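Because the structure is a prediction, the values reported are computed rather than measured. The chain is numbered in sequence order, starting from 1. The figures that follow rest on heavy atoms only: side chains count, while hydrogens, waters and symmetry mates do not.
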Amino acid sequence: MKRLRLLRLEFERVTRSGRMQWMIMLIAILGLLSSIGDIAKDVRLGVDYSVIWYFDRAFTLNSWFLPVWYSLGAYTAVSYFCQEWRTGYWKPLELRTGKAVYLYGKSINCFLLGFCTVFGGLLLYLLILIGIGAIIGYPLYDPISD
């Protein structure tokens with residue numbers, strides 16, 4: 001029971017701090033920057049690939065963005081932990097819950113925070129791509145090119 005309450009408390013504090021939202025937006029912007037050149041070139045040439053094709057291409061040809069995306073997800077959790085350590089907020093939590101529960105909660109929370117940051121950023125990036133595809137007239141999925 002202590003573990004679940006600690007996880008909920010930690011996750012609520014992080015999502016309200018604003019750092020996670022900035023990292024989600026930064027991941028989406030970097031994804032958009034990785035695709036916008038290809039989209040502009042294909043619009044000029046009259047080629048119409050699908051939105052999913054551009055989303056997949058961001059992971060294959062522009063794969064140098066992957067470590068950046070993962071680093072931004074990890075930065076959210078690491079910066080939150082460092083702030084907690086610097087201010088001493090961890091001491092009363094560790095005293096009330098115990099060392100094992102605190103470490104369990106912190107490790108689960110850091111994993112979930114990094115995962116949710118990267119997932120949210122990629123979801124926002126995909127939604128922006130869908131919007132651009134709707135404006136340009138690209139299909140969401142094309143079985144021939146995908």
Side-chain angles (χ1 to χ4, degrees), residues 2-44 47-94 96-142 145-146:
K2 282 184 180 180
R3 292 177 181 176
L4 293 177
R5 279 190 286 153
L6 180 65
L7 280 175
R8 193 185 81 226
L9 171 77
E10 295 272 329
F11 204 75
E12 285 176 4
R13 281 187 60 228
V14 170
T15 54
R16 290 182 185 157
S17 72
R19 213 174 270 148
M20 182 178 179
Q21 288 84 0
W22 283 107
M23 292 302 119
I24 287 173
M25 286 190 287
L26 191 57
I27 288 171
I29 289 169
L30 287 176
L32 189 60
L33 287 176
S34 73
S35 298
I36 202 72
D38 293 334
I39 292 172
K41 180 186 69 158
D42 291 342
V43 166
R44 273 194 320 263
V47 180
D48 57 341
Y49 293 113
S50 69
V51 172
I52 299 299
W53 187 83
Y54 289 108
F55 186 73
D56 182 49
R57 187 175 169 101
F59 293 105
T60 54
L61 293 180
N62 300 334
S63 62
W64 63 277
F65 273 115
L66 287 177
V68 174
W69 285 339
Y70 298 146
S71 298
L72 289 174
Y75 173 78
T76 306
V78 169
S79 66
Y80 173 70
F81 178 75
C82 289
Q83 176 192 6
E84 190 175 280
W85 189 268
R86 188 177 56 247
T87 60
Y89 183 79
W90 66 275
K91 291 176 186 177
L93 277 177
E94 193 261 333
R96 281 187 289 166
T97 60
K99 188 180 274 188
V101 172
Y102 174 76
L103 291 175
Y104 169 80
K106 186 54 71 177
S107 61
I108 296 293
N109 188 40
C110 285
F111 171 76
L112 286 175
L113 186 60
F115 176 79
C116 289
T117 302
V118 172
F119 181 76
L122 293 179
L123 185 64
L124 182 61
Y125 164 55
L126 182 61
L127 291 174
I128 292 170
L129 271 181
I130 290 171
I132 291 172
I135 291 170
I136 296 174
Y138 288 163
L140 181 62
Y141 176 73
D142 185 14
S145 66
D146 292 343

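- When atom types are taken as modelled, the side chain of S79 and the backbone of T76 share a donor-acceptor pair closer than 3.5 angstrom.
- Distance CD1/I36 to CD1/I132: 4.5 Å, rounded to 0.5 Å.
- Considering T117, I24, L26 as possible partners of L72, the one that fulfils the side-chain contact (heavy atoms from CB on, under 4.5 Å) test is L26.
- Between the side chains of N109 and Y80, no donor-acceptor pair is found at a separation under 3.5 Å.
- Separating the CD1 atom in I130 from the CD1 atom in I52 is a distance of 6.0 Å, to the nearest 0.5 Å.
- Atom CD of residue Q21 and atom CG of residue L124 lie 11.5 Å apart, to the nearest 0.5 angstrom.
- Taking the six-membered ring where tryptophan is involved, the planes of Y138 and Y54 are essentially parallel, since the angle between them stays under 30° and well short of 60°.
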Could you go through V118 and Y70, starting from their C-alpha distance and side-chain angles, then the distance that decides it, and tell me whether this counts as side chain to side chain contact (heavy atoms under 4.5 Å, CB included)?
CA-CA 7 Å; V118 172; Y70 298 146; 4.2 Å; yes

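- The two residues A77 and C110 have their closest heavy-atom pair at CB-O, 3.7 Å.
- Between Y75 atom OH and R19 atom CZ the span is 5.5 Å, to the nearest 0.5 Å.
- A distance of 7.5 Å separates CG in L140 from CG in L126, rounded to the nearest 0.5 Å.
- Shortest non-hydrogen contact noted between G31 and W69 is CA-CZ2, 3.4 Å.
- Of all heavy-atom pairs spanning S34 and Y125, the tightest one is OG-OH, 4.0 Å.
- Around atom CZ of F55, more than 12 heavy atoms belonging to other residues, nucleotides or ligands sit under 6.0 Å away.
- Taking CZ from F119 and CD1 from I27, the interatomic distance works out to 12.0 Å, rounded to the nearest 0.5 Å.
- The aromatic rings of W85 and F81 sit tilted, their planes meeting at an angle between 30° and 60°.
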